[in-house]
Amino acid sequence: MPCYHPATSENLSTLGRAASCIAGSLLCAVQNDLGRKKEKAMKHPLTLFALGAALLLSLPAHAADIDWNKVDAALGKTAAVSGEVHRYGLPRSDLRVTLDGIAIKPALALGGWVAFAPMHGEAMVMGDLVLLDTEITPVMTKLLDSGLEITAIHNHILRAAPATFYMHVAGHGDPEKMAASIRAALSSGSKTPFDPPATTAGPAPTIDLDTAKLDEAMGAKGTANGGVYQFGIPRRNPATESGMQVSGALGGANAINFQPTGGGKAAITGDFLVAGDEVNPLIRALRAGDIEVTAIHSHMLDEQPRMFFIHFWANDDAVKLARGIRTALDKTAVAQH
């Protein structure tokens with residue numbers, strides 16, 4: 001993805017200041033290139049100022065001008081907003097996936113998503129789409145034809161039936177157009193549902209786990225989502241992509257999910273976000289805790305520093321697993337807890 005630098009309130013504070021800077025730059029160019037015509041050029045500062053102002057006004061609209069209601073409508077979803085990031089869930093609630101006899105809830109390992117962040121007057125998009133093997137090529141083709149990029153395709157879990165794969169996408173441009181392209185690709189090439197889930201009169205699924213003990217073991221506060229207890233653990237120093245910080249809402253955090261399987265046990269999966277020198281210390285800690293390592297790969301193409309994502313699986317006593325996960329996390333540069 002080309003490197004763009006996001007507009008900020010500091011570098012676009014006032015039209016006059018920016019236009020004056022541009023006018024100054026143009027004036028220097030005139031002085032350098034025209035030499036003896038310098039005096040003539042100096043007689044027209046207002047012309048230079050007007051040209052600078054025109055150039056500034058020709059820049060794309062500021063990020064604040066994005067009409068997020070139109071983006072919602074284009075994708076057919078309502079965003080969860082975290083700071084400036086608008087994130088849309090694309091769970092594969094249509095799939096019935098089992099692993100080691102466990103029926104996988106969408107929030108455990110089937111939660112596709114795309115997230116948009118304002119960038120240089122337009123938007124940056126990143127996402128992770130959950131697909132069957134037969135859906136990969138048609139979805140990829142439509143996305144590429146629309147100008148979006150594919151940054152990774154891989155597994156997250158092993159032995160699942162049916163097998164699921166995860167396609168990471170990225171792009172920069174008009175967020176409404178990118179949202180429409182993503183929906184068109186998924187609607188034509190997969191069975192990803194876009195209709196709102198059917199409402200039920202009953203209460204939300206309960207988490208049959210001692211969540212207070214899980215919070216204590218993890219050193220963080222989890223949240224319940226669709227019958228799954230989830231943790232998002234940020235790194236101390238988030239990576240950047242094209243000059244943008246990859247926040248948790250953009251997929252830049254350790255994601256740890258617990259699905260109750262009865263008797264205080266839980267199936268766990270998710271991914272760790274680590275630097276290269278943290279990969280082996282982390283996976284050694286996971287194996288010492290009898291947690292299976294199921295994938296090691298990248299999600300992005302140009303992030304700095306280079307980051308790797310490590311996926312895992314286990315089904316055991318939930319508190320024991322939480323302690324094992326925390327031990328593994330402490331081998332990496334996570335935010336202090």
Side-chain angles (χ1 to χ4, degrees), residues 89 91-92 95-113 128 130 154-161 163-166 205-235 248 251-274 278-279 281-297 299 308-332 334-335 337:
R92 290 304 301 264
L95 298 178
R96 300 293 178 264
V97 179
T98 60
L99 172 53
D100 295 345
I102 298 166
I104 302 297
K105 293 182 181 295
L108 181 68
L110 305 173
W113 57 272
D128 186 5
V130 183
H154 45 233
N155 68 292
H156 285 183
I157 51 180
L158 304 173
R159 304 182 302 279
T164 52
F165 298 87
Y166 303 79
T206 59
I207 304 295
D208 185 22
L209 296 170
D210 190 333
T211 56
K213 287 186 176 179
L214 292 182
D215 291 348
E216 180 182 4
M218 290 289 295
K221 176 64 178 175
T223 57
N225 177 25
V228 175
Y229 201 60
Q230 300 180 324
F231 292 90
I233 312 291
R235 286 183 64 83
N254 299 279
I256 317 296
N257 302 326
F258 290 74
Q259 178 180 314
T261 55
K265 297 175 66 175
I268 62 168
T269 192
D271 55 1
F272 295 89
L273 174 58
V274 299
E278 297 169 338
V279 170
L282 174 74
I283 64 176
R284 289 180 188 278
L286 290 173
R287 292 305 302 129
D290 204 24
I291 297 170
E292 184 179 16
V293 176
T294 58
I296 302 173
H297 48 229
H299 287 182
F308 298 89
F309 293 77
I310 299 177
H311 297 264
F312 58 93
W313 169 264
N315 179 30
D316 204 340
D317 178 81
V319 176
K320 170 191 169 184
L321 292 175
R323 291 176 181 143
I325 291 291
R326 185 69 241 186
T327 298
L329 279 169
D330 288 340
K331 301 295 183 181
T332 71
V334 292
H337 64 287

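Numbering of residues begins at 1 and proceeds along the displayed sequence.
- The shortest distance between side-chain heavy atoms of Tyr229 and Thr223 does not fall below 4.5 Å.
- Put simply, the side chain of Gln230 gets close to the backbone of Ala107: a donor and an acceptor are under 3.5 Å apart.
- Heavy-atom minimum distance, Ala314 versus Leu321: CB-CD2, 3.8 Å.
- In terms of heavy-atom proximity, Phe312 sits nearest to Thr294 at N-OG1, 3.4 Å.
- Atoms NE2 and CD1, on His154 and Ile296 in that order, are 12.5 Å from each other to the nearest 0.5 Å.
- With a 4.5 Å cut-off on side-chain heavy atoms, Leu214 and Phe258 count as touching.
- Interatomic distance, CZ of Arg326 versus CD1 of Ile233, reported as 6.0 Å (0.5 Å rounding).
- Thr164 OG1 to Leu99 CG: the interatomic distance, rounded to the nearest 0.5 Å, is 9.0 Å.
- Between Pro234 and Ala253 the shortest heavy-atom distance is CA-CB, 4.2 Å.
- Tested against Val293, the residues Leu158, Ile310, Val279 include a single side-chain contact (heavy atoms from CB on, under 4.5 Å) partner, Ile310.
- A 4.5 Å side-chain heavy-atom check between Trp313 and Arg159 finds at least one atom pair inside the cut-off.
- Rounded to the nearest 0.5 angstrom, Ile104 CD1 and Arg92 CZ are separated by 15.0 Å.
- Phe231 places none of its side-chain heavy atoms less than 4.5 Å from the side chain of Ile325.
- For Lys320, the side-chain hydrogen bond (donor to acceptor under 3.5 Å, both in side chains) partners two or more places apart in sequence, or in a different chain, are Asp316.
- Applying the side chain to side chain donor-acceptor pair (under 3.5 Å) test to residues at least two apart or on different chains, the pairs with a partner in residues 252-271 are Thr261-Asn315.
- Residue pairs satisfying the salt bridge (Lys or Arg N to Asp or Glu O under 4.0 Å) criterion with at least one member in residues 217-227, sequence neighbours excluded, are listed as follows: Asp215-Lys221.
- Listed here is the closest heavy atom pair of Ala217 and Ala322: CB-CB, 3.7 Å.
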Show the atom names and distances, to 0.1 Å, of all donor-acceptor pairs under 3.5 Å that link a side chain in residues 282-289 to residues at least two apart or in another chain.
| unit_1 | atom_1 | unit_2 | atom_2 | d |
| --- | --- | --- | --- | --- |
| Arg287 | NH1 | Ile291 | O | 3.0 |

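- Looking at residues two or more places apart in sequence or on another chain, you find no salt bridge (Lys or Arg N to Asp or Glu O under 4.0 Å) involving Lys331.
- Note: His299 and His311 have tilted aromatic rings, judged against thresholds of 30 and 60 degrees for the angle between ring planes.
- Under the side-chain hydrogen bond (donor to acceptor under 3.5 Å, both in side chains) criterion, Trp113 pairs with no residue, sequence neighbours left out.
- Between Asn155 and Ile157, the shortest heavy-atom distance links the atoms ND2-O, 3.6 Å.
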